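The first residue of the sequence shown is numbered 1, and numbering continues consecutively from there. Excluded from the calculations below are hydrogen atoms, water molecules and symmetry mates; all remaining heavy atoms, backbone and side chain alike, are included. Bear in mind the structure is a predicted one, so any value in this text is a computation, not a measurement.
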Amino acid sequence: MDTINFDINDALKHYMSDPATISTPEADSNLVDCENDPESLTNSLINTVLNPIVDSVAENPDAITRSSSFDSLQFLLKCAPVSFKSIQNYPTEPDSELFKLSRSSSILPTHALSKILDLVVFGLSAEADVIHHDLESDEQDIISHHKNLLEIFGFLLQWTIAAVETKAAEKSTTAPAARGRGKGAKSKAAGKDKDGNWDSSSQLQTALDTMCKVFKLKLSKIFLTTSERDTFISLFTRPVTMVLESEQRVKNTAIRMHAFKVLCIAVKHHGHGYAAQISIVQNLTYFEHLAEPMAEFLHILAEQYDYPQLTDEILRELSNKEFNSNDTKGPKSVSSFIVKLSELAPRLVIKQMTMLAKQLDSESYALRCALIEVCGNLLAYLSKLEERGDNHKSQLNAFFDVLEERFLDINPYCRCRTIQVYIKLCDLEQKFPKRRQKAAELAARSLEDKSSNVRRNAIKLLGSLIKTHPFSIMHGSQLSHKEWTARLEAVDAELNALNPPVDTPGLTNKPDVTVDTALLDDATQVEPESPQKQMTEEHKAAIVRKAQEDAATSEAINKLTLTRRYYVEALKFVDVLHGATTTVCQLLGSKNKSEVIEAMDYFEIGDAYNIEQNKLGIRRMLRLIWTKGNSDEGKGIQNHLIECYKRLFFEAPDSYNGNDAANYIARNMISLTFGATPAELTSLEQLLSTMMKVNHVSELVVQKLWQVYGVQKREISKSQRRGSIIVLGMLATAKPEIVVGEMETMLRIGLGRLGRSDLQLAKYTCIALRRINSTGRQVNEPNIQPSKLPNDHAILSKLAAIIELESDNKEWYGVAEQAISAIYALSKHPDTLCSEILRRKTKHVFQQRVAKTPEPEVAQGEAQGEAQGEAQEEAQEVTQVLSPPPEPPVEVPEPDKKLKGAVALSQLLFIVGHVAIKQIVHLELCELEFKRRKADTEKNKPAETAADKAAKEAADDLDMIGGTTEDDFTEAMTHIRERELLYGEKSLLANFGPLVSEICSNNTTYKDRNLQAAATLCLAKLMCVSSEYCETNLPLLITILERSKDPITRSNVVIALGDMAVCFNHLIDENTDFLYRRLNDKDASVKRTCLMTLTFLILAGQVKVKGQLGEMAKCLEDEDKRIADMSRMFFTELSTKDNAVYNHFVDMFSLLSAEKELEEDSLRRIIKFLAGFIEKDKHAKQLADKLAARLTRCETERQWNDVAYALSLLQHKNEDITKMVAGGFKGQDLCPAYIEMISRIAWVDSSVQAQKSYEEFRKMEEPEAKISGRKTFKVALGIRTRAKKFMLGIRIELMIFCASRSSSNPLSTTVSFG
């Protein structure tokens, strides 16, 4: 039978160009007939051809050399594509229809492909066994035959594996689509190919094992030249590389390990190193999934096969590789490879770090990130080394230096990666204390990074540094600054005690002088005059004892010195954390959810380690409860806050029993109120009520809180008792039953003896009592029915009594405010009860008015409303007792006398004002209740009959004429508010309106500061009741706002004007300028209050902005950071409302640029911030046109620079404007005669018209501009006619000047005024 004449190079040449061009003349005739009839290539036909070949090769591998068998196998393999259609680039199209179809899909069934793979692998394995036997027996004659067989099987194996991989790739890409087409398509596909589920993994593993078997042969005896051997080796390595190109194959650990084994043997024993290097670098460039597997391969090659040279060469090549700026895939893949290799084989990477470090200057941030991570991995490796060389420390320092430099990398991803690497290094056993301190400082600095991702990771790094800090050896893990400072002071004291005083004899600071006895020879050494005395035993013992004591002292000093250094380093670390806490507190307001959550976690960690400053952050966290919960981010922040507080304060240690745990939680809850601001208490109330709704607070804890509040037998601190009732009142907002059941306790404690002695306790008790009936949003809930009490109820009586309590304590005002609010919340008829309180309080203030016999001027003052009564008499008696007899009319105590009357009157006015405000609210609630009842009545009506409908229609017609009952009720409420409360004949409040106005308008008569503050507040509240009263007294209130020296009074008036803007917008809208002026108030609290008020009014649309936004923009550069932040928030919110910033930009710029006190840098920062809100190109162009028109009118270079800077911030893309700006400022120097003449005109005529004429004349151009005398004359005449009060002499001089200008040389004109 004919055998083939196989040439491997020729076969590879045709295979590489186009497998279809390989000729198969001796193929089975049945197969040849199928070339133009692809449908006839059936399974049975293929089996008929394949089975004899399989049998013959199984009997003897030499059978593969038969022409018919070899060509038949090649013919069948040509029916299966060896690459995707998308990457096929064949020069010609085959003539056969069968091979044309095989270009796009495999015509060869999978079972046939499987059979061919088994055939080739089995034949190759059998041939390898034969060759091994022949080589052992040294049969040299048949070497060429074996070489030929190996090349044939290798060639067929390469082809077959390529076809198998192409088929597998086709399946993986079409499988998801097939799953989605339904049952019909699925069954059809199954019918077409019964072996559709063929998995070639096991056969592929066998093939790879066989390759290893062949590589273990002594191939150098078979392939004598290097080129022959390399060609043969490539027959196996090329399909292995193709297998690795499949991501699915690489995920299979068995196949991946078999493939690595083939490549390792090829590299180690058959000189495949250079080819493998090229292949790996290409794979890293084009296949991202091979990055980590290639690192794993090199690790195996170096560790198991002792061949690190390939790794070294690849790393050298990569270190010199430059990537295109548009190439993102290559750097990313190389980065993953280097990082993985540094994890698996750090010993190999560390040798090439000098070369790799060049990529730190690469433009690709991915490569820089990789090298940063590599440095971290190498640091971890070096820290774990047991055998450390001479350069170990220098290597550590070098890598740390690189990481510290990368904190300032230009790319935020690199900065993030640096911080993440440090987070990993924190978990190492070796702590690197000095480097940790530097890392803490750098992390604290990174908290101010522009990138939120960097800030978030910096917070996380600080938390990791705290959790793994190295200062827990001596005194535990706590990091209290106070404790460490105390320890340092104690060590310093011990050191000072051990160190001898400076003036101790023999221990002066002289340098030790030692004499070398070798220098003193016999000739110069002087003999002692007397023989040396012999030392006694006692003397020797004393010397030894002294030496021992000195040694012990020296050792103690050394130990204390080291301890002191340890304490100093700990304090440095704690100081960094304290400094960072301030910044982290600011990050709680970040818009980034993950950043806020990291900040909360940081404060929780710090609290666990007793870092004092973190307690401030835990309080600041409270405000996050108000995060808008309408998004996942808002809910996530709220939930995380609740979880943090639950872990911090609501989870007792596991060792506690139920009672101890309840005590622990109750104490924690009370401690939350200590030192809390009103804003923090409001946030805490929202938090606790939210937690109460979800049952995070047990009934036992509530009982413990009531026990603390109600205890009388044992003395407890006021803050504890106050804290308990504050917390109970907060919990009652979610569950009113908490306070309903303990009303008697509150009457006995808070409104009893203890409450009268501690007015804050009484105030918070009143707040808790208000919770009996729901307030705020809960009022509108249909299921909640408020329970009102009669006016003679014990609670209301106690509340009235606490209001009428006589006290000079300023806390009384808070108590009275909450007590009145509680009365209006609980009473059925609060107006009646408050009227009685007012009558009694008024009677108490003025009851001694008749018995008084004052001096005339004092009586006149009292006629205005300030009665001193008995207080004056008592004051006179005190004066008589305290004053010496010769000088009876001493007037020193008189201020005290007036103060007592002023305090009583102040309290009365405070009650009046607050009752007026609460009465308005009460009327509105009555109106709502009326409407609710009417709606319920209509809802519960029985079904209407036809007659009822007719009657209803008639009633509706009447309603249309005369108005509905509901409208009548609303009008009645409005009438009561406008006309009855302050102007009704029977109204009690009507008596106080004139009194309050009189006190406020006569501040020289009523000098008491507190009285004026109370009267102003009362006036403002009364003005919110009636628009008529408001309009009458508005000028008085504005005058107080402008002239009052008390910042509290000014703040109250600002808030009041804000309330009036909501109630009576038409009155306040014309006077908003007075509000804006307070933005320039000298007192920061007034300025802050004004900014908050205006922010609310403008954003809520309550006032119209009329160009005053520039005043608010100035607040962006305020010295008070809170004001600046609030202003930023305002403009950020304003920018979301209908182009508001764009509409007012020019007005704001005009006001800011005209502000002389505003520095240029501050102005630029403000303009830059505002320009950031101009996002639309159309708006930017329009603003640029408006601003560019100002350039020609700028008189000073500062004005021109301001306009030019604003233009540079706008994306106008206008070349004319760009040229104008590029031209720079061109000053216009006016003719000196013009300036002198117009100045004299302005001096003579100081009217507005003359000033305008002066400014207009100054805009005239230079004489060099060649203005004709006629034109100049016309301009002068125009100015003359507009200026109405010119003197005759000035007019004549002007005409003489113009005439002389027309006849003489303009450049040498001089004017002489006679």
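When all heavy atoms of Leu908 and Leu838 are compared, the closest pair comes out as CD1-CD2, 4.1 Å. Ile716 and Gln720 get closest at one heavy-atom pair: CB-OE1, 3.9 Å. The minimum heavy-atom distance linking Leu982 with Ser987 is given by the pair N-OG, 4.3 Å. The shortest non-hydrogen separation linking Cys1063 to Cys1024 is SG-O, 4.3 Å. Here the closest heavy-atom approach between residue Val996 and residue Cys1018 is recorded as CG2-SG, 3.6 Å. Of all non-hydrogen atoms in Leu705 and Ser724, the two that sit nearest each other are O-CB, 3.6 Å.
Under the 3.5 Å distance criterion, the side-chain polar atoms of Glu811 are left unmatched by any main-chain donor or acceptor of Ala762. With hydrogens and angles disregarded, no donor-acceptor distance shorter than 3.5 Å links the side chain of Arg722 to the backbone of Ser717. Checking side-chain atoms of Ser1026 against main-chain N and O of Leu1022 turns up no donor-acceptor pair under 3.5 Å. Looking only at distances, a side-chain donor or acceptor of Glu612 sits under 3.5 Å from a matching main-chain atom of Lys482. Between the side chain of Arg620 and the backbone N or O of Gln586, no donor-acceptor pair lies under 3.5 Å. With hydrogens and angles disregarded, a donor-acceptor distance shorter than 3.5 Å links the side chain of Asn791 to the backbone of His829. Judged purely by atom type and a 3.5 angstrom limit, Tyr1029 uses its side chain to pair as donor or acceptor with the backbone of Gly993. In this structure a side-chain-to-backbone donor-acceptor pair under 3.5 Å is present from Tyr709 to Gly750. Lys704 places no side-chain N or O within 3.5 Å of a backbone atom of Glu699 that could act as its donor or acceptor partner. Judged by distance alone, the side chain of Glu604 and the main-chain N or O of Leu648 form no donor-acceptor pair under 3.5 Å.
Partner of Leu909 under the side chain to side chain contact (heavy atoms under 4.5 Å, CB included) criterion, out of Leu1017, Leu1011, Val845, Thr1016: Leu1011 alone. Partner Ile837 forms a side chain to side chain contact (heavy atoms under 4.5 Å, CB included) with one of Thr832, Thr842, Ile803 and no other, that one being Ile803.
Under the 3.5 Å distance criterion, with hydrogens and angles disregarded, no donor-acceptor pair is assigned to the side chains of Ser827 and His793. In the model, Gln613 has no side-chain atom that pairs as donor or acceptor with a side-chain atom of Thr581 under 3.5 Å. Tyr824 and Gln919 share a side-chain donor-acceptor pair at under 3.5 Å.
Annotation: Ile1048, atom CD1; neighbour count of heavy atoms from other residues, nucleotides and ligands within 6.0 Å does not exceed 12. Other residues, nucleotides and ligands contribute at most 12 non-hydrogen atoms within 6.0 Å of the CE atom of Met1092. When the shell of 6.0 Å around CZ of Arg1122 is examined, it contains 12 or fewer heavy atoms from other residues, nucleotides or ligands. Within a 6.0 Å radius of CD in Glu651, more than 12 heavy atoms belonging to other residues, nucleotides or ligands are found.
A salt bridge is defined here as a Lys NZ or Arg NE, NH1 or NH2 lying under 4.0 Å from an Asp or Glu carboxylate O, and Lys843 with Glu804 fails to meet this definition. In this structure, Asp1120 pairs ionically with Arg1088, as a charged nitrogen and a carboxylate oxygen lie closer than 4.0 Å.
For the pair Lys1021 and Phe910, the cation sits on the ring face: its NZ or CZ lies under 6.0 Å from the ring centre, inside 45° of the axis.
Taken from CE in Met743 to OG1 in Thr765, the straight-line distance is 14.0 Å, to the nearest 0.5 Å.
Side-chain contact between Ile738 and Met692 is present, with heavy atoms from C-beta onward closer than 4.5 Å.
Checked against salt bridge (charged side-chain N to carboxylate O under 4.0 Å, His left out), Asp660 has no partners two or more places apart in sequence or in another chain.
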